[in-house]
Every structure is written in structure tokens, then in C-alpha cells.
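Chain letters run A, B, ... following the sequence lines, proteins first and then strands; every chain starts at 1.
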Protein chains: 2
Amino acid sequence: MTNKLNLNNLTKSEEDYLKALFQLLIEDGATKVGNNQLAEYLKVSPASTNNMVKKLKTKGYVVSEKYGKLDLTEEGKPIAVRLIRKHRLWETFLCNYLNFTWDEVHDVAEQLEHIKSQKLIDELDRFMDFPQKDPHGEIIPNADGEYFVLPKITLSSLEEGDTCQLVAVNDGSVTFLKYVSEIGLALSSEIKIVEIREFDKSIRIEFNNAIETVTKKFADNVFVKKLV
Amino acid sequence: MTNKLNLNNLTKSEEDYLKALFQLLIEDGATKVGNNQLAEYLKVSPASTNNMVKKLKTKGYVVSEKYGKLDLTEEGKPIAVRLIRKHRLWETFLCNYLNFTWDEVHDVAEQLEHIKSQKLIDELDRFMDFPQKDPHGEIIPNADGEYFVLPKITLSSLEEGDTCQLVAVNDGSVTFLKYVSEIGLALSSEIKIVEIREFDKSIRIEFNNAIETVTKKFADNVFVKKLV
DNA sequence: TTAATTTGTTAGTCATAGCTAACTTTTTTA
DNA sequence: TAAAAAAGTTAGCTATGACTAACAAATTAA
Ligand SMILES: [Mn+2]
Ligand SMILES: [Mn+2]
Ligand SMILES: [Mn+2]
Ligand SMILES: [Mn+2]
């Protein structure tokens, strides 16, 4: 009913702010998101964010009280979800058809997600036979805008003796992703926590019949499903 | 030797101006291109063009004397060719893999041609097995930046009794392209000029064992190869 | 419960890339 | 060859989206 034809006449910047706010609100599971937090996430100044938030409020995509926290409206959310859908579909295309590695796709997808064409993205989805997950293990929102959050259990949250399966990785850092590949980890890898060292919280893990030591920082960026 | 690694840090606008100038100079076979001509082609004001030309001159991509005609430098040309390559490869991808019709691809390709990733375009080329022509019959420049101009003989330039083959169409207008398809013409169609009416230069053509009458304006946008 | 710190806002600046209006130079036409 | 027309330039304006510096409000710590 309230589903008015979305003209999609938002700028790249407006789209990026909406997506970032959504990711802080939903993905990273923050209860409240402040202006400066959003600024830091987007690597712009608090003044720039304040300015854009004002604009997005008048357009009806964001709500907040003066000096208060930010939230997306019911009009703002689907815009963010569509961007995430586009981003993840392009990443999948680049990996599965154009020989990109998972550390190469994010930056190009950041550009491609802003291409304006409904048909383009729907056809890309069909062409790839409606993939469910992107190269980093994240769930791709479907054409209806349904968004499912992958439970984000980090490798660092497990205890000695636990066994788990790698379900996703944080796709933000190229060096991190290269590192993950280099030591032989990939989606679906089975990992056992051998030991957590008290001194520096470094973790000895076993996978592929080999043992590696990783830092807590590394383990914070690896998402797993605990096995029984 | 002078082939310094091109950082490709041009804006979308700068790219569009260089491409437009190239198309006026090379494709449309104009001997000289003026400021206002470029402005009209890009649908911006002469003042805007003057401004951008100034910028592109200081960057070394364009040359001109005050009140004189515009030309591209040896640094400017390959940038334009790369854009045309990207544009036509994307159009081909959209048509051949994503179920776009030839009247739907141009606008989306205008956006996609500005995506910055050398790997993306080279891999797209490889994925499609190095296509030679785009959906409108235009030659796609190769990865080495070699540009071949298709001889632009218009259907309107032929005489009564001549026979020809459709090799390309002007891709600028959606309604024109739809019209071409609707009457049953396509790349490689064989066409015979049955009659050219003196009164309004309208042309009766025969193809697929049927006869159609088209205007001179229509025939100006159809490019052919004359058959013996 | 006051002071310090953090968070958010405002004002003013800059770059890019459009625009119109006015002006100058060049070219064409009478 | 002088006037008119066309082409090119300049000045000054606008919008977007960055920035810094200064300030105000809210939160946290002393
Ligand atoms: Mn990504
Ligand atoms: Mn983006
Ligand atoms: Mn085109
Ligand atoms: Mn373009």
C-alpha cells in the first residue's frame, strides 16, 4: 500500500550514508547509532555527516531528535537493503564468473552497487541462478527485499576444545582476506580451538590437519557456526 | 616511452567530455570541432564546455587556441578509446547474457563505462570470448586500444536498385531502435532500394520478402555495406 | 554536583560542475 | 566592407558534498 514506486533518484553519497547507517543499526547489532559513529564508519567528518543526516531527514529516510540518536524510517530501510543486495550480487558475479578473488571484489562492488537499473540487477540474479550467499559468506537479500541477518558468532568467542565451521568473514580488509586464504582457511572449513593463551589471548586452531596460531584480532573477523 | 601508467583519476564528467570530443572528431568524421558543437552534443551550456575544456587542456588531454577548434592529444585519445571499449563491452554483455534488447543497453552502459577497474573489463572481455562487435554493429576496440572505424555508409546514400546489408545502427535513440526491430530489420539484414520518391526523399525498401517505406531521417541512421 | 570529556551542531570555506547573462572575437552575409 | 550572425569567453551565480574551527549540549568522572 505504502509501496510507492521508488524513483531511486538518490545520489551515490545519499545511498552510501543510508547503507552505512543500516549496517551499523542492523548488521553490527548496535542498539543506537550516533552522528559521530556514522562519521567514523564512513571516514568523513562529523560535520559532513550532520549535514547529510539533515538532508536525509527532510527526505524522510532518517529520523532523529536534535542531539539524539539516528534511525532509519520504513522508507529508508529498503533502500539500504537494495544496495546490500546489489553489492553482494556483484561480488558474487566477480568471483564466480570473472576470476576475481574474494579480497578483490569489495572495492569494485562499492562502485557497481550504485548503477541504477532494476533490470540489470534482477537479470544478474537470474543469470547466476539466484545465489544465496556472497563470496564472504553473507546472505544476499532477495528481490522482495527480505533481509536475513547471519548470526555473527566470532571465532574469538569460542572456548578451548570447541569445534566450529567457518561461515563468513569480514570483507572489509584486503590484507585480512589474503591472510585467511594464505593459511588455507575458506568458507566451510572446520576449525577446532586447541588452546587460548591467557597472556595475549592468541588462539591455537586446528584445521586441515594442521595447527596455526592466530591473534584475537584475527579471530574477531572470522564468523563461525559452533558444531556439537 | 611516453606511456606513463595511467592512474585513471579522471571524474565521470572529464571522461564524458573526452569521449564526446573523440566521437565528434573520429566517429562522426568532423574535420574540426568547436566548443559550442561539443556543448550541444553533451547537452550542456557552451560556458560549461568552455570551462571543462580549459581544465582538460591544463591536464594535457586537449589542445586548442583561444577562439580556435578543439583537438585531443595523444594522451587524450586512448582515454576516449578505453571508454568506448568499456561502453561496447558492457552493451554486449547486457544483450548476450542479461536479456536486454538493443534499445535498452545504451543508458546502462553509460553508467557502467565509468566503473574503474582494469581487471573488470579485461575479464568481462575474456568471459564473452573477445567479441568483435557490439549489439548495434559497432566495432569494439581491443585491449591494446586499437580503434577501427566502421565505414559509415548510410542507407540514405544509396540509389534505386542498389542492394546492401545492414551492418550497424545509430544507438542514440530508443524509439529509433525499437522501430528498426518492429519492422523486422536486424544486423545482417539484406535490403534492396526499390524506389526513392522525389517529393519527400522517402525510400521504399525490400527485405525479408516484404516492402516498407521509410523516411530519409530513418535511413540516415542505418549503416550498410553495399552489395555487388 | 561540579568539572572534564565526549558528542553533536553551526558557521564558513573549498572544489566540482552545472547554469544565465553579458561580452568579445570570428565568420558570414548583404 | 560594414553590419549581422554565430561562436567562443568571462563573470557571477547555484547545488552538492567535502573540510576545519568554534561552539553547545549531553554524558561521564572526579
Ligand atoms: Mn563487500
Ligand atoms: Mn557504496
Ligand atoms: Mn551505446
Ligand atoms: Mn558516460
* **Sidechain N-carboxylate O distance under 4.0 Å for B/K217, B/D200** => no
* OP1 or OP2 of D/dA18 under 4.0 Å from side-chain N/O of A/S13 -> yes
* Inter-end axis angle, the helix from C/dT1-D/dA30 to C/dA30-D/dT1, with every axis fitted to five base pairs (rounded, 10 degrees) -> 10°
* **Gap separating the CG atom of B/L24 from the CG atom of B/L42, nearest 0.5 angstrom** => 8.0 Å
Polar atom pairs between nucleotides 19-22 of chain D and protein, under 3.5 Å, N or O only, would you list them?
from	atom 1	to	atom 2	distance (Å)
D/dC19	OP2	A/S45	N	2.7
D/dC19	OP2	A/S45	OG	3.0
D/dC19	OP2	A/S48	OG	2.7

* Find the distance B/N50:CG to D/dG12:P and express it as a whole number of Å. => 16 Å
* Contacts of B/F93 that satisfy ring-ring contact (aromatic ring centres under 6.0 Å, His included) - sequence neighbours left out -> A/F93, B/W90, B/Y97
* Asked: Taking CE from B/M52 and C1' from D/dT9, how many angstroms apart are they, rounded to a whole number?
  -> 17 Å
* To do: Verify, without hydrogens or angle tests, whether B/D103 (side chain) and B/L177 (backbone) share a donor-acceptor contact under 3.5 angstrom.
  => no
* Quick one: do A/K226 and A/E159 make a salt bridge, cutoff under 4.0 Å? -> no
* Asked: For A/E40 and C/dT6, what is the distance between atoms CD and P respectively, to the nearest whole Å?
  -> 13 Å
* Does A/N36 place a side-chain N or O at less than 4.0 Å from the phosphate oxygens OP1/OP2 of C/dG8? -> yes
* Please work out if A/T11 contacts a base, only the sugar-phosphate, or nothing of the nucleic acid, heavy-atom cut-off 4.0 Å. => sugar-phosphate
* Using whole Å, report how far NZ of B/K55 lies from P of C/dT16. => 5 Å
* Structure fact -> Residue set satisfying ring-ring contact (aromatic ring centres under 6.0 Å, His included) with B/H114, at least two apart, ordered chain then number -> none
* What is the minimum heavy-atom distance between A/I196 and A/E160, and which atoms define it? -> N-OE2, 2.9 Å
* **Within residues 63-71 of chain A: residues closer than 4.0 Å to DNA chain D (heavy atoms)** => A/Y67
* Contact class for B/K54 (heavy atom, under 4.0 Å): base, sugar-phosphate, or nothing? -> sugar-phosphate
* **Atom-to-atom span, NZ of B/K12 to P of D/dT16 - whole angstrom** => 17 Å
* Does the B/R85 side chain pair with the main chain of B/G145, one donor and one acceptor, at a distance under 3.5 Å? -> no
* To do: Please name all residues satisfying ring-ring contact (aromatic ring centres under 6.0 Å, His included) with B/F223, sequence neighbours left out, ordered by chain then number.
  => none
* Structure fact -> A/K57 atom NZ is separated from C/dG8 atom P, nearest whole Å, by 12 Å
* Structure fact -> B/K32 NZ to D/dA6 C1', in whole Å, measures 17 Å
* To do: In whole angstrom, give the distance that lies between atom NZ of A/K59 and atom P of D/dT16.
  => 8 Å
* Would you indicate, yes or no, if C/dT16 has its OP1 or OP2 atom less than 4.0 angstrom from a side-chain nitrogen or oxygen of B/Y17? => no
* To do: State, to 0.1 Å, how close B/L18 and B/A80 come at their nearest heavy-atom pair, and which atoms those are.
  => O-CB, 3.7 Å
* Output yes when a side-chain donor or acceptor of A/Q111 lies under 3.5 Å from a complementary backbone atom of B/K116, and no otherwise. => yes
* Any salt bridge between A/E110 and A/K19, counting N to O under 4.0 Å? -> yes
